[in-house]
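Contents: one structure, followed by commentary.
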Amino acid sequence: MLELPVLELQDSALSAAPVQSGNTGRALYVETYGCQMNLNDTEIVQGIMAGAGYRLANSIEEADVVFLNTCAIRENAERKIHERLKHLRYWRKRKPELVVGVLGCMAERLRRNLLGEQGLVDLVVGPDEYRRLPELVERAFAGEQGIAVKLSRVETYDDITPLRTQGISAWISIMRGCDKFCTFCVVPFTRGRERSRPLESIVREAGQLWEQGFREVTLLGQNVNSYRDPHGQGDFADLLAAVAEAVPRMRIRYTTSHPYDMSDKLIETMAAYENICPYIHLPVQSGSDRILQLMNRHYTVAQYLERIEKIRTTIPGCALSTDIIVGFCTETEEDHQKTMELMEKVRYDGAYMFKYSPRENTKAWKWGDDVPDEVKSRRLEEIIELQNRISWEINQGEIGKVVEVLVEGPSKRDPAQWQGRTPTNKVVIFPHIGTQAGYVVGDLIHVRIERATSATLIGHVVA
Ligand code: 5AD
Ligand code: SF4
């Protein structure tokens, strides 16, 4: 096999050569997998490539360059991407000059191994090296494979304008990386050390988004509570307050928080501003103290519940969601029951639930994977069933209420029905009567809830 050039940036990524602008006549198609951070990273990549003269293609057929922005959090996510790469072979046959790049966490994790993927990949580029994409793509067109996977301590893409393509809701990435090192999680290895963007530039971006017609922003980070303005202007609560004041009619959300750093100040700041949505995603992972300690989560169940209590008393009606992993190494039936008990106590509005998937390099990788898959599947089913019941019960409580909804547009299933969200992040479906309706996408309207499932509220618009 050919020896491949390794193109690696130094930490001073911010001083990398600016991308040339102009029109290359070439079209880019990006497929995004995984978390919201990745969705925002795709917009950053699109921003960088647009700056270098690429236009966005609507499909692979139209594209000269295809990027898969990948996720490595669980083995399943990676399996899906390997499958997709095999499928792309078909397009490569039809269009031999097509450039295929793998970006994101899987690129960072697998590095060179991906270039060996049966000649299906031309480029492998990790999350901190996106500024190099135009140059690497150019080389790929000249027949050279490329890999750029150095992690940076400073790169935040602060000066890149993300190319957002649709909707009224925008993501703003406020920090990158994670220093928490939960023992199951590959993110600190694929996304590197924590670093924050300047407060001032985040506030400016929120203002520009309002001007452009966006009506909701979600401040994003792997662990937003660790945000620190590099210019000393404050912590995450200060940032949230500054954004809330700068765009007082914008709905403001954020994700993800770590329970350990969920400060009183942050909770009180949320309560103090009407435009900060009363919804918190607060991953608990397990309801067993022994497992939480093995996971290196830095809190006990009692401490977590105390935070929930503080949230509920300070922000009445605040919705809560969580992440839960079943079948972490050594998890017993008793540990599992404790997770179910915690779910009953908190009564989350929603939850993302996963089977533990061992990840190379993490601390837990060395501890093995001793819970059999059938047991994990059964435990997962049990918590999903429990959560569905709780979500259904909570949503039944919304029937008869009039809720404020930010109009998003036609629902995916039936364009005669439109959808939007409540401040608590619940999806609301309502019949749309066409242009006579008196509202447009991006408006705030009121809907009286008449029915509810575990996932959706259904009702009619009220004047
Ligand atoms: N296996 C299963 N789930 C995981 N998560 C992170 N790493 C793993 C893993 N190795 C889950 C956690 C985290 C969410 C984003 O993904 O619940 O909060
Ligand atoms: Fe992973 Fe833990 Fe960091 Fe979340 S806080 S990204 S689970 S290491």
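No hydrogens, no waters, no symmetry mates; every other heavy atom, side chains included, goes into these values. Indexing begins at 1, ligand by ligand and atom by atom, following the structure's order.
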* Ligand-residue contact atoms, ligand 1 with D323, heavy atoms, under 4.0 Å -> 13 (C), 14 (C), 15 (C), 17 (O), 18 (O)

* Going by heavy atoms in the side chains, are L28 and F67 under 4.5 Å from each other? -> yes

* Structure fact -> Counting from 1 in the order shown, the ligand 1 atoms closer than 4.0 Å to a non-hydrogen atom of F354 are 3 (N), 11 (C), 14 (C), 16 (O), 17 (O)

* Structure fact -> Heavy-atom nearest pair, M262 first then I267, reads CE-CG1, 4.0 Å

* Just say parallel, tilted or perpendicular for the rings of Y304 and Y299, cut-offs at 30° and 60°. => tilted

* Give yes if a backbone or side-chain nitrogen or oxygen of Y356 is under 3.5 Å from a nitrogen or oxygen of ligand 1, and no if not. => no

* Begin with the C-alpha distance, continue with both residues' side-chain angles, and end with the deciding distance and a verdict on side-chain hydrogen bond (donor to acceptor under 3.5 Å, both in side chains) for N395 and K426. => CA-CA 9 Å; N395 287 350; K426 291 181 194 284; 3.0 Å; yes

* Is it possible for you to check whether R74 lies under 6.0 Å from the centre of the six-membered ring of F354, through NZ or CZ, and within 45° of that ring's axis? => yes

* Considering only protein heavy atoms, which is closest to atom 4 (C) of ligand 1, and at what distance to one decimal place? -> R74 NH1, 3.3 Å

* When you check the gap from the basic side-chain N to the acidic O, do R378 and E333 get nearer than 4.0 Å? -> yes

* Give the numbers and elements of all ligand 2 atoms closer than 4.0 Å to a heavy atom of P188. => 8 (S)

* With heavy atoms only and a cut-off of under 4.0 Å, state how R297 meets ligand 2: side chain, backbone, both or neither. => side chain

* To do: Ignoring angles and geometry beyond distance, decide whether F184 reaches within less than 3.5 Å of ligand 1 through its nitrogen or oxygen atoms.
  => yes

* **Atoms in ligand 1 flagged as close to K355, the criterion being non-hydrogen separation under 4.0 Å** => 1 (N), 2 (C)

* Got the closest protein heavy atom to atom 2 (Fe) of ligand 2, with its distance? -> C182 SG, 2.3 Å

* To do: Kindly compute the distance separating CZ (R131) from CD (E129), expressed to the nearest 0.5 Å.
  => 11.0 Å

* Structure fact -> If we number the atoms of ligand 2 from 1 as shown, the ones under 4.0 Å from a heavy atom of Q222 are 6 (S)

* Asked: With a cut-off of 2.8 Å, does any N, O or S atom of C178 fall short of it relative to atom 1 (Fe) of ligand 2?
  -> no

* Structure fact -> Counting heavy atoms under 4.0 Å, the part of V187 that contacts ligand 2 is side chain

* **I73 and ligand 1 - part of the residue with a heavy-atom distance under 4.0 Å** => both

* Asked: Taking atom types as modelled, is there a side-chain donor on Q303 or Y260 under 3.5 Å from an acceptor on the other?
  -> no

* To do: Taking only Lys NZ, Arg NE, NH1 and NH2, and the carboxylate oxygens of Asp or Glu, determine whether K310 and E268 approach each other closer than 4.0 Å.
  => yes

* Out of S357, A351, A364, who gets a non-hydrogen atom closest to atom 9 (C) of ligand 1? -> S357

* Report the relative orientation of the aromatic rings in Y130 and Y157; use parallel for angles under 30°, tilted for 30 to 60°, perpendicular for over 60°. => parallel

* Near F184, which atoms of ligand 2 are under 4.0 Å from a heavy atom of that residue? -> 7 (S)

* **Close side-chain approach of V187 to I73, heavy-atom, < 4.5 Å** => yes

* Any salt bridge between R253 and E216, counting N to O under 4.0 Å? -> yes

* Please could you name the atoms of ligand 1 that Q285 approaches to less than 4.0 Å, counting only its heavy atoms? => 12 (C), 13 (C), 17 (O), 18 (O)

* Contacting atoms of ligand 1, where contact means under 4.0 angstrom from a heavy atom of I325 -> 3 (N), 4 (C), 5 (N), 12 (C), 17 (O)

* Asked: R191 near ligand 2, heavy-atom distance under 4.0 Å?
  -> no

* Could an N or O of ligand 1 be found under 3.5 Å from any N or O of R359, whether backbone or side chain? -> no

* What protein heavy atom is closest to atom 1 (Fe) of ligand 2, reported as residue, atom name and distance in Å? -> C185 SG, 2.2 Å

